[in-house]
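Naming: A, B, ... by sequence-line order, numbering from 1 per chain.
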2 protein chains.
Amino acid sequence: MAITIKDVAKQAGVSHSTVSRALHGSSLLSEETVERIRQIAVEMGYFPSAAARSLKTNRSHALGVIVSAIDDPFFSEILQGIEEIAQGRGYSMLIAASQRDPERERAIVQDMRERHVDGLILCSASFSVEQRRNLLQYGIPIVMVNNQAAEEYRYSIYHDDVDGSRQVTRHLIELGHKRIAYLGNSLSGRTTMDRLTGFRQEMEAAGLDIPDEYILEVPGGGPEDGFNASNQILDMPERPTALFCFNDLLAIGVLKGLHSAGFSVPGDISVVGFDNIVFSAYTNPTLTTLEQPKRYIGAEAARLILGLLDRIEDKEAPDQEIQKLKGRLLVRQSTAPPPIDLRQL
Amino acid sequence: MAITIKDVAKQAGVSHSTVSRALHGSSLLSEETVERIRQIAVEMGYFPSAAARSLKTNRSHALGVIVSAIDDPFFSEILQGIEEIAQGRGYSMLIAASQRDPERERAIVQDMRERHVDGLILCSASFSVEQRRNLLQYGIPIVMVNNQAAEEYRYSIYHDDVDGSRQVTRHLIELGHKRIAYLGNSLSGRTTMDRLTGFRQEMEAAGLDIPDEYILEVPGGGPEDGFNASNQILDMPERPTALFCFNDLLAIGVLKGLHSAGFSVPGDISVVGFDNIVFSAYTNPTLTTLEQPKRYIGAEAARLILGLLDRIEDKEAPDQEIQKLKGRLLVRQSTAPPPIDLRQL
DNA sequence: AATAATGATGCACACGTGTGCAAAGGAACC
DNA sequence: GGTTCCTTTGCACACGTGTGCATCATTATT
């Protein structure tokens, strides 16, 4: 077995309580003993048992993170942001992927409770009402990141998708586009709805009409979904001159689809994405998109949780805290004015 | 406080031992009582404390995963593979990013020990000798994935980079290329060395010479590194007709660099990557690369660990197990025969 | 009917740590 | 030197769970 606090105590000729206090820097001990005991603990290669400590203190010093998929580049950047803050503050990160599967979600929530995580970060996980209640009743701080039901939780941090979407749409309108289509991801629920709303608002403000067929939905948000959708767009009787994609992954697939069909971007049709994942700067043409501060979002979520945990001890945690972040438009090469022969329509 | 096993016992009118046995399906109890107690436990919303259980059983049912960066698309796919297996078997996943920082590595190893993870998966983390010894002495199963010092650990699973590299090189040679350069990532240690070795072997076998200047190294493996390196390649007095990049990310950056300098791929120069990350199928031109079964690698690593854990209980774990996986060449659009005017050199 | 055998359940301890309280030791003061 | 006060340390319990052993009840056996 591993070395315990008692072994150190025996070696130092004191009781295990004294060792415990020494390692915590209790002011009850003399500096001399503290130093001596610490020295011995290091020499013996002692390290405390997180399980025992957690059992006693009711704090696990672990953060749970539930994400729909780890290998989605959007989420993995958020995860990286969370990790940096958590690790810097001595917290570990327990990650689970829900894959949008209700049964998995249930199992994950159960596990997080059993493991007694001190806080939970939900990244775009679509929870059933039952699981949500389950979580809230659990009593730990929960921070939502980009979730559908952000208002239902006391703490959340998310991106202002309506605003971002309006920025994107305005850009297309200012370029002279009138026939703009929207390609959404039906699985992303609230997020795609918000972006669609922003799109509609801005189009209406400009007095532009949106034919029903210009609102497309595909069941997924990967490049292959975009690739498959590109034919639908090209087959439209009145082809749009610009396409607003729900996210960069879809846009990247669309770019490939249009290219292999022999169309030029932005010559024949402009394409915009959303999120500014790393790759959007390396497509050909490079992708105009809306930058979301992903790493920052993750880091802020972690800071929010950790701050709450600190303040809970002093009973001064705020009842609610909601951060709404705005993104910023990145104009690159995939957008341009519409083709001349279509401009006057 | 939460509901404990004792609360359930009181409610059921039995001792806490009986409850414990019932929940574990002990054959000592009658089926009737087992069922009754389980029912009550569910009704009361009881869930066991992982900390207490871990303290008692010396098993945490958690897997530690150390990776250099979470948001690297190569690693995040491996992580996803690990997660799926772990979750399916009731194990949680503790992830930490080392960022190639020795101090962080030290802190992470310490944390994994304190948390008493049952097994550890190291993904391309470059450990110091000291940390390695520290880990091995810890005594838990450790599986290396694509690590520098795979042989020094008893269990490892990695990709045969030398073989993959030879496949890639052979492909270029068969296309007729004679002037081939290699762009490595000096930070990735062993991995880049292996790929370089394969490259050299195959070139030698074909009787082709490699000028010193054709072996490039950049300190990183991101697209920006590739982008920056592209000028160096174009500025060479005798420009290569093909470029073999350490990984897809570098290749993608190179593609952009060459394109913005007005060069055509594969018309003027062929480019190949390595890893087959999702995006390599969506560049323009699409990238010829070597497919590594990333998800499978992750899943196999997890299975290996979990299998070891099962067998350790029966004292029949093997002393050593090493899996070497081979990848497969994916020929796409970024490679072609060299330009005609350079073919006869 | 006494004993053995079988089945069901409780008692009590252990895992490693943190902490309130008591106790012991020493110094300072009168 | 006795009293008081402060500093330093140990005792003992608690956290929630698992498990060997003992106990008790019941049934089968002689």
Nearest nucleotide by nearest heavy atom, which residue falls closer to the 5' end of DNA chain C, B:Thr33 or B:Ala52? B:Thr33

Could you tell me how far apart B:Arg59 (CZ) and D:dG16 (C1') are, to the nearest whole angstrom? 19 Å

Hey, which sits more toward the 5' end of DNA chain C by its nearest nucleotide, B:Arg36 or A:Lys6? B:Arg36

So, applying salt bridge (Lys or Arg N to Asp or Glu O under 4.0 Å) with B:Asp118, which one of B:Arg89, B:Arg113, B:Arg59 is it? B:Arg59

Encode nucleotides 18-23 of chain D as B, S and - characters from 5' to 3', where the letter depends on protein heavy atoms closer than 4.0 Å: B to the base, S only to sugar-phosphate, - to neither. BBBB--

Return yes when atom CD of B:Glu31 has more than 12 non-hydrogen atoms of other residues, nucleotides or ligands closer than 6.0 Å, and no otherwise. no

A:Arg113 atom CZ is separated from D:dG16 atom C1', nearest whole Å, by 16 Å

Is the shortest heavy-atom distance from the side chain of B:Tyr46 to the side chain of B:Ile5 under 4.5 Å? yes

Value in whole Å for how far the C1' atom of C:dT17 lies from CD1 of A:Ile3: 16 Å

Any chance you could lay out the side chain to side chain donor-acceptor pair (under 3.5 Å) test for B:Glu105 and B:Gln99, step after step, and finish with the verdict? CA-CA 8 Å; B:Glu105 285 173 4; B:Gln99 311 282 20; over 6 Å; no

Using a cut-off of strictly less than 4.0 Å, decide whether A:Ser15 has a side-chain nitrogen or oxygen near OP1 or OP2 of D:dG10. yes

Can you tell me how the ring of B:Tyr138 sits relative to the ring of B:His116, calling it parallel under 30°, perpendicular over 60° and tilted otherwise? perpendicular

From CZ of A:Arg115 over to P of D:dT17, roughly how many Å is that when rounded to an integer? 14 Å

side-chain contact (heavy atoms from CB on, under 4.5 Å) for B:Leu122 and B:Leu135? Distances and angles first, verdict last. CA-CA 11 Å; B:Leu122 301 184; B:Leu135 279 176; 4.0 Å; yes

Expressed as a whole number of angstroms, how long is the span from B:His116:NE2 to C:dG16:C1'? 11 Å

Please report, rounded to the nearest Å, how far the P atom of C:dG7 is from the CD atom of B:Glu31. 14 Å

